[in-house]
Amino acid sequence: MTCNMILCGVGGQGVLSLAAIIAKASLSSHLNVRQSEVHGMSQRGGEVLAHLRISDGEIYSDLVSYGTADLIISMEPMESLRYLEYLKPDGIVVTAAEPVVNIGNYPDLEAVYAKIAAVSGSLCLKAEALAEEAGSKRASNMVLIGAASPYLPTDAESLKQAIRDTFAAKGESVVETNLKAFEAGRNHQ
Amino acid sequence: MERVLLGDEALAQAAIDAGLSCAYGYPGTPSTEIMEYLIAHSAADGFKAMWCTNEKTAYEEALGASLAGKRALVTMKHVGLNVAADAFVNSALLSIHGGLVMCVADDPGMHSSQNEQDTRALAMFAKVPVFEPVTQQQTYEMTREAFEVSERFGVPVIIRMVTRIAHSRASVRTAESRPQNPLDKSTDRPGWMLLPATAKRNWARLLGKEKDMIAFAESSANNRLNLVAGSRLGIITGGLGYNYFKENAADLKEEPSHLHIGFYPLPAALIRKLYDSVDEILVLEEGYPIIEEKLCGILGAGKPIHGKLDGTVVRTGELTPDNVREALGLPKRPHAAIDVSDVTVPRPPALCKGCPHADSYAAIKAALKDFPQSLVTSDIGCYSLGALPPHSAIETIVCMGASVGMAKGASEAGLYPVVATIGDSTFLHGGMTALLDCVQNNPDMTLVILDNSTVGMTGGQPTMIPSSRFEPLIRGLGVDPAHIRTIVPLPQQHEKNTEIIKEEINYHGLSVIFSVRECIETAKRKARKTK
């Protein structure tokens, strides 16, 4: 079993912590993990891409190959389409619906949604709104992990434990908010 | 013990476990996390780790530690080695005593760099051995071994990292740690002095060591040859070429023979053995076609050698599992077939909202508005994003500190007005010496030091001196105090700032303007911490 994932969004949205939590949960489930990310220049409000590979066997490449991603998890709708070349023909896109419009030529949002809907089985959810209901907009990455959780090779409990471990230092209320955000994503239809 | 580490962190942990005493570096993507990890662990583990003014001072400090018998680590990005090159190349002739390991993190694909130079080339030039890991686990093991090799041969040793190893996370098993070396000053005096007489002796000795190191490379477990009987194709992998070859190998109809090179100098006998047993060779190496050029030479005689030189492998950018797949002659895999070209546009990086650099650039542009021909030079850092719209404020980005010297030269050639822009840390790293040249000749130019009190691009490391000490420093270099000005880059100060810049442009000599406001990101972080 190998599960390949593309995790993407815009610099500052929390893509790397999204990747870190799935990686942590997978490791606690005794799976091999390779998680590749890029720091520096590319983080300054630009497009951000992380590769995450989870397997019960040996993993050679840190990078996902084209046509082999089981899942694209995106913090932003246009970004969810940028890396479709990586997606398997039957792969799934899970994305936040709220756009980040920090460029002048952002495409027509309805056209973006239509393309996302064209990927069969795709999920486009109002992650930021759900996170805000759970207590903080900043937890929208946890909403996405929740929404993607049925497709991940780890169970919900390991993911929740990874969320607890990650936010423990920030206090119980931050842990609670993030767990609530996770559940909101998981229960979303 | 097993833990999840970035490649950079695996290297740092290995150095600690190898008995590290002193670590020096200058921030630079993708190497920065090594020193950050070391600084965080230095107090508890009882060693010294610190940022330095530049890569050259860092390297020289490590040399001092080695002379004292202690193990030392130096960290930098690939272009940093250009700055440290004088110390580094000469140090190969020394009698390295305590293990001296330098990690240089290359950035093929230029994710966050101005070029994609290959550190192996500089290492070969200096005749210094190189370890090149392909996993985080190997990074750990090779770093431990690198200290041993450095002490065994009495040479500095390089670990060449690349972005995809440095910034990739995996589980790493650490081994038992080793105590630090005792203080033990080198007794080989001529081995540490490069006078012509001693340097001649040391150079001959290095050439002798090179032979021993090649013999070591032939039998190193890091250079593995797998000869497959009857195979026509021989693959040589270097660095991440290994991972991408293995990723695709199962799809090949015939298993090729394979030599992986993880330790340099090149194992010539192993290469010869592979060459003799196959009909042709494909070289898959991350970075420059260094192994390939050695194999082909100028004449290119012999069996066909494929790789970056004949176009089988892409010549620029980093290797990926997909371009290696293509080089292996394997078909593309099908992927989700939806055309999204009409709904995806590039999203380039930009200065953060509220960034002081944006206000500095707005004022500089306003001050230069009425001049038909001006030049604004710039430098390496976040502020290089001022090259992009909406700012489009700067015209040169070359290397750490170049903005100052280039402005002087352009002014002396006759351009007017000339404004140089440089960050606080970059100025201390490589701009200060050029400013001394300016003081000597008083060129008609205005230097704007964009002082955000941090090394911003690499994540907010401290600048060597606080903002308050910059003005005395500039005065001390001899700049006329009447033309040392300070502005605060804020939107509400725009008119005033523009006026001050104009005044200094109208002064036909050297001016230095400090544009001082803290980086918005570090300010936010501090505010969060004090909450």
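These numbers were taken from a predicted model, which means no experiment stands behind them. Chain naming here is simple, since letters A, B, ... match the order of the sequence lines and numbering starts at 1 in each.
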Pick from N105(A), N32(A), V33(A) with the largest number of heavy-atom pairs that fall under 4.5 Å of chain B: N105(A)
With a 4.5 Å cut-off on side-chain heavy atoms, are [Y] and [X] touching?
X: T344(B); Y: M78(A); value: yes
X: D322(B); Y: E85(A); value: no
X: R169(B); Y: L16(A); value: no
X: L81(A); Y: V343(B); value: yes
X: K88(A); Y: R333(B); value: no
X: L63(A); Y: Y244(B); value: yes

E58(A) and K246(B): CA distance, side-chain angles, deciding distance, salt bridge (charged side-chain N to carboxylate O under 4.0 Å, His left out) verdict: CA-CA 10 Å; E58(A) 189 165 5; K246(B) 294 294 268 186; over 6 Å; no
Of the backbone (N, CA, C, O) and the side chain (C-beta and beyond), which part of [X] lies under 4.5 Å from a heavy atom of chain B, both, or neither?
X: D90(A); value: neither
X: T68(A); value: side chain
X: I103(A); value: side chain

Donor-acceptor under 3.5 Å (R347(B) side chain, V100(A) main chain): yes
Please confirm whether the backbone N or O of V345(B) pairs with a side-chain atom of R82(A), one donor and one acceptor, at under 3.5 Å? yes
Segment of [X] engaging chain A (4.5 angstrom heavy-atom cut-off):
X: I165(B); result: side chain
X: T32(B); result: neither
X: P334(B); result: both

Nearest heavy atoms of Q136(B) and D62(A), plus distance in Å: NE2-OD1, 3.9 Å
Among residues 323-332 of chain B, those lying within the under-4.5 Å heavy-atom range of chain A are none
Chain B contacts: which residues in residues 106-118 of chain A have a non-hydrogen atom closer than 4.5 Å to it? Y106(A), P107(A), A111(A), V112(A), K115(A), A118(A)
Checking side chain to side chain contact (heavy atoms under 4.5 Å, CB included) for the pair T135(B)/R34(A): CA distance, chi angles, key distance, verdict? CA-CA 9 Å; T135(B) 64; R34(A) 296 288 280 266; 3.8 Å; yes
Reported CG-to-OG distance for the pair N248(B) and S61(A), which is rounded to 0.5 angstrom: 8.5 Å
If you round to the nearest 0.5 Å, how far is OH of Y60(A) from OH of Y242(B)? 5.5 Å
Heavy-atom pairs under 4.5 Å with chain A are the metric here; pick the option from T320(B), D339(B), V4(B), I338(B) that has the most. I338(B)
Residue from P389(B), C352(B), P346(B), A170(B) scoring the most non-hydrogen pairs under 4.5 Å with chain A is P346(B)
Does the side chain to side chain contact (heavy atoms under 4.5 Å, CB included) test come out yes or no for E37(A) and L6(B), once each step is laid out? CA-CA 10 Å; E37(A) 55 200 47; L6(B) 278 179; 4.2 Å; yes
